[in-house]
Amino acid sequence: MVEARLSAAISEAIASLYSIDRESLQIQLQKTRREFEGDFTVVVFPYTRVSKKSPEITASEIGDYLCSHMPEVESFNVIKGFLNISLKSFYWITFLQENCSNISYGLKAPAGDSPVVVEFSSPNTNKPLHLGHIRNNLLGFSLSRILEASGNKVARVNLVNDRGIHICKSMLAWQKWGNGETPETSGTKGDHLVGKYYVIFDQHYKNEIAELVASGIEPEEAAKKAPLILEAQQMLRKWEAHDPETIRLWEMMNRWVYDGFDITYKTLGIDFDKIYYESRTYLLGKSLVNEGIEKGVFTKRSDGSVWIDLTPDGLDEKLLLRSDGTSVYMTQDMGTARQRYDEYNPSQLIYVVGNEQEYHFNVLKLVLKHLGCSWSDAIYHLSYGMVELPHGKMKSREGTVVDADDLMQEMFETAERMARELGKLESFDGDEAEKLYRIIGLGALKYFILKVDPKKNMLFNPEESVDFNGNTGPFIQYTYARIQSVMRKALELGINSDQHHDFSDYTAKIAPQEKEVLRFLHDFPSTISLAAEMHSPAVIANYAYELAGAYNRFYHDITILKEEDEAVRNFRLGLCNFAGNVISNAMWLLGIEVPERM
RNA sequence: GUCCGCGUAGCUCAGUGGAUAGAGCAGUAGCCUUCUAAGCUAUUGGUCGUAAGUUCGAUUCUUACCGCGGACACCA
């Protein structure tokens with residue numbers, strides 16, 4: 001890495017010029033901004049303290065030292081306290097030559113025994129997936145790829161919440177009002193059908209509450225005493241007692257949901273290495289509770305409930321087991337964390353879960369720590385913000401959710417309409433065109449969501465369709481398609497690929513537009529590291545956009561195939577090929593496909 | 001009430017101590033007989049929520065306040 005060598009040389013320069021201890025030096029090396037000449041910039045203000053000279057003189061002295069001690073350094077200029085360093089052309093030419101045809105440039109191979117376990121998606125089986133789940137899925141899936149590309153083994157896991165009172169509500173409503181309706185007889189996707197009965201339950205339940213309130217009962221009391229909720233609770237008890245009839249109904253309706261989810265996941269392009277079901281894990285954790293009681297870190301109260309006191313940690317007391325001995329959410333999560341630790345021996349356990357559960361994960365980590373599980377530090381909650389609609393949060397009961405299947409369908413239709421309007425369709429047959437709409441529609445949606453910093457809330461306006469111009473997925477996809485078009489034309493002209501990977505006779509000056517692209521390509525490996533460190537696909541998304549923009553400016557200003565000097569033409573073709581590889585890899589990290597033509 | 005997060009252009013977002021705070025959308029004006037115009041160029045638009053502090057230097061770090069969101073269940 002030339003950056004590392006530059007940093008080292010700079011600290012060496014300062015140490016030798018001003019006779020101080022180089023260990024204490026922190027070098028701030030950054031990319032030179034586009035409006036100034038140079039490749040890398042050092043801010044020298046911090047060193048004027050030791051140089052006892054003006055920033056300009058300090059910068060010049062360091063610059064002189066670098067020119068005479070680092071063979072890659074060509075020249076420098078000083079503006080105020082900024083030392084802008086230019087590298088020699090041969091550095092950039094060699095960089096291009098060595099990497100332009102490496103299709104896995106920037107991607108490290110996964111290594112090591114301890115994988116990173118990433119849990120994401122984790123839906124409930126009582127309703128279909130919505131826009132919030134899409135953000136979760138895209139983040140989890142992309143993060144997995146980013147972690148892989150930065151050298152980790154990764155296991156992507158999904159913990160499906162397939163049991164509990166909410167599923168019983170759908171089951172009960174279907175039993176009462178379903179008339180034996182199935183996905184087949186209704187022509188409705190299974191998850192949507194089950195979701196429909198969840199809504200039906202809620203409507204009847206609300207009516208019952210209203211009646212009770214009208215008869216003079218307090219609303220809170222009414223919500224607890226309504227016959228429907230009592231019946232749903234009864235059903236849950238029957239489920240826990242393995243009542244065959246209830247289990248059969250449960251299995252049937254869950255099957256419908258899974259078939260529906262499979263379609264949604266497939267359309268979205270998401271998959272998992274392993275799927276866990278809460279029905280099989282919800283009893284885990286009770287033994288850990290007992291362990292905690294024995295160790296004296298948990299306390300059992302007279303009513304039989306078990307608690308941990310986290311007030312010394314600045315939190316509250318937390319219930320770990322109900323007085324009737326049944327599990328709460330925390331109990332299960334303790335158990336599944338332990339299970340996962342035993343199963344994978346992971347270096348990191350990542351949970352992609354919305355930020356409303358931050359407190360829960362803080363508690364989980366602390367509880368495990370108090371239990372003596374040193375690996376609790378390996379737990380990382382990727383806490384992402386809500387997707388908000390113009391009028392506030394999505395609320396399933398108020399019908400303001402943006403359904404995942406509907407949204408993707410709309411994206412495909414928008415992609416088709418745009419392609420038609422732009423007259424792009426002549427050269428595509430039906431199947432090809434259909435495939436292209438999917439690639440572009442999904443690209444637009446995924447990029448729209450992933451470009452936003454995960455921890456921030458984001459706004460989605462269903463009235464305005466997701467953009468296809470500007471800082472968007474299709475813009476980047478288009479850039480890739482253009483590059484492929486150039487490469488195809490090069491082949492047609494009989495320029496074989498071996499030819500344009502040898503730049504030994506390239507002597508021309510590198511144009512600013514070419515340099516700009518080269519500098520972005522140069523940054524790709526460190527961008528992946530940064531994204532992995534920050535657990536943020538947005539870092540990759542914004543990088544891909546900037547790279548595409550730089551390429552488009554290059555493409556606009558500079559001829560490639562019509563260039564008469566073969567060495568120059570080949571150099572530019574190499575640059576195109578390299579940019580295409582990196583755009584494709586960056587998009588792959590986001591889980592976005594790139595089309596060969598569009 | 002306590003705790004956590006977020007306030008950057010009309011709108012959606014970048015910018016994890018450095019130069020004149022950047023993109024896209026929207027608006028305006030240009031560029032296709034020339035490698036794909038889903039592109040490129042120019043231009044309009046900012047007291048970086050407010051106020052103090054730390055620093056040679058703060059949108060970035062600290063504190064207080066204001067605004068928005070979230071959490072603090074024998075729900076998940």
Side-chain angles (χ1 to χ4, degrees), chain A residues 28 30 32-33 35-36 41-46 48-49 55 79-82 84 122 124 161 164-166 278 301 303-307 314-316 318-324 326-330 332-333 354-360 362-363 383 385-386 388 390 392-393 415 418-419 421-422 424 427 440 444 448 451-453 455-461 464 466-479 481-490 493 530 534 538-539 541-542 545-546 548-549 551-563 572-573 576 597-598:
Chain A
Q28 296 178 36
Q30 50 197 258
T32 304
R33 294 167 54 152
E35 62 263 39
F36 301 101
T41 295
V42 196
V43 182
V44 300
F45 292 111
T48 54
R49 191 191 304 261
I79 298 168
K80 297 194 222 169
F82 298 88
N84 301 316
S122 308
N124 293 350
N161 184 1
I165 192 71
H166 42 288
E278 276 200 15
R301 294 190 181 166
D303 64 359
S305 60
V306 179
W307 296 75
L315 304 179
D316 298 322
K318 186 76 189 173
L319 177 84
L320 300 177
L321 205 63
R322 292 196 189 95
S323 51
D324 64 3
T326 58
S327 296
V328 288
Y329 184 39
M330 187 60 70
Q332 297 177 45
D333 261 9
N355 61 11
E356 76 270 11
Q357 292 195 31
E358 248 160 46
Y359 184 79
H360 172 78
N362 287 339
V363 171
S383 164
M386 300 290 100
E388 287 167 348
K393 273 191 80 168
M418 298 288 293
E421 280 170 12
L422 294 165
K424 296 272 183 183
S427 55
I440 295 174
F448 178 82
K451 77 170 180 192
V452 180
D453 182 348
K455 73 177 182 220
K456 289 189 178 171
N457 287 359
M458 63 176 289
L459 187 91
F460 180 84
N461 188 346
E464 306 166 8
V466 172
D467 247 310
F468 284 64
N469 300 313
N471 187 356
T472 67
F475 169 89
I476 301 166
Q477 291 172 318
Y478 176 70
T479 308
R482 274 175 141 185
I483 293 171
Q484 296 320 298
S485 175
V486 172
M487 301 317 287
R488 280 193 300 272
K489 289 246 159 62
L493 293 170
L530 183 66
M534 295 178 66
V539 170
N542 288 300
Y545 172 65
E546 289 187 306
Y551 180 84
N552 280 326
R553 284 186 290 274
F554 156 76
Y555 179 88
H556 180 267
D557 293 351
I558 291 176
T559 57
I560 302 160
L561 294 169
K562 292 196 170 125
E563 170 59 46
R572 291 177 185 162
L573 273 172
C576 290
R597 296 189 295 145
M598 72 183 269

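Letters go in sequence order (proteins before strands), and every chain restarts at 1. Worth saying up front: this structure is predicted, and the values here are computed from it rather than measured.
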A/Arg553 has an atom CZ; how far is it from atom P of B/rC35, in whole Å?
21 Å
What is the base-pairing partner of B/rU55, counting Watson-Crick and G-U wobble geometry with both distances under 3.5 Å?
none
Please walk me through it: do A/Met534 and A/Asp453 pass side chain to side chain contact (heavy atoms under 4.5 Å, CB included)?
CA-CA 10 Å; A/Met534 295 178 66; A/Asp453 182 348; over 6 Å; no
Stacking between A/Phe82 and the base of B/rG18 (centre distance under 5.5 Å, interplanar angle under 30°)?
no
Closest contact, heavy atoms only, A/Ser305 versus A/Asp303
OG-OD1, 2.7 Å
So which nucleotide from B/rC13, B/rU36, B/rC25 ends up closest to the side chain of A/Asp467?
B/rC25
From B/rU12, B/rA76, B/rU34, nucleotide with atom closest to A/Leu459 side chain
B/rU12
Let's test your reading of the model: under 3.5 Å, does the base of B/rU36 pair with the side chain of A/Lys424 as donor and acceptor?
yes
Taking the six-membered ring for Trp, does A/Tyr478 stack with B/rG39 (centroid gap under 5.5 Å, planes within less than 30°)?
no
B/rC3 - base-pair partner by Watson-Crick or wobble geometry, distances under 3.5 Å
B/rG70
Between A/Ile476 (CD1) and B/rG39 (P), how many Å, whole number?
11 Å
Check the orientation of A/Tyr329 and A/His360. Use parallel for under 30°, tilted for 30 to 60°, and perpendicular for over 60°.
parallel
Establish, with yes or no, whether the OP1 or OP2 oxygen of B/rG39 is under 4.0 angstrom from a side-chain nitrogen or oxygen of A/Asn469.
yes
So which nucleotide does B/rG46 pair with, by the Watson-Crick or G-U wobble rule with both distances under 3.5 Å?
none
Without decimals, in angstroms, what is the distance between A/Asn355 CG and B/rA71 P?
9 Å
A/Glu358 has its side chain closest, among B/rC4, B/rA76, B/rC74, to B/rC4
Whole angstroms only, please: what is the CZ-P distance between A/Phe468 and B/rG39?
12 Å
Proximity to the side chain of A/Pro474 - top-ranked nucleotide from B/rA38, B/rA19, B/rA76:
B/rA38
Is there a donor in the side chain of A/Thr326 and an acceptor in the side chain of A/Arg322, or the other way round, less than 3.5 Å apart?
yes
For B/rA76, take OP1 and OP2 only and decide whether either is under 4.0 Å from a side-chain N or O of A/Arg322.
yes
Residue-phosphate contact under 4.0 Å: A/Lys456 side-chain N/O, B/rG7 OP1/OP2:
yes
Out of B/rU36, B/rA38, B/rA19, which nucleotide sits closest to the side chain of A/Ile79?
B/rA19
When you compare the side chain of A/Tyr555 with that of A/Ile483, does any pair of heavy atoms fall below 4.5 Å?
no
By nearest atom, which of the nucleotides B/rG18, B/rG24, B/rA76 is closest to the A/Tyr545 side chain?
B/rG24
Would you tell me if any nitrogen or oxygen in the side chain of A/Lys80 comes within less than 4.0 Å of OP1 or OP2 on B/rG57?
no
Would you say the base of B/rC35 and the side-chain of A/Thr559 have a donor-acceptor pair closer than 3.5 Å?
no
Picking from B/rG39, B/rC72, B/rU36, which would you name as closest to the side chain of A/Tyr359?
B/rC72
Could you check which nucleotide pairs with B/rA14 in any of the strands shown, counting Watson-Crick or G-U wobble with both distances under 3.5 Å?
none
Upstream residue (5' side of RNA chain B) when A/Lys455 and A/Arg482 are each assigned their closest nucleotide:
A/Lys455
B/rG7 C1' sits how many Å from A/Asp453 CG, rounded?
14 Å
I'd like the C1' distance from B/rA21 over to B/rU8, given in whole Å.
8 Å
Between B/rC40 atom P and A/Ile560 atom CD1, what is the distance in whole Å?
14 Å
From CZ of A/Phe45 across to P of B/rC56 the rounded distance in Å is 13 Å
On RNA chain B, nearest-nucleotide positions of A/Pro46 versus A/Glu388: which is more 5'?
A/Pro46
Using atom CE of A/Met598 as one end and atom C1' of B/rG39 as the other, report the distance to the nearest whole Å.
11 Å
Side-chain H-bond candidate by donor/acceptor type, A/Asp467 with A/Thr472, under 3.5 Å
no
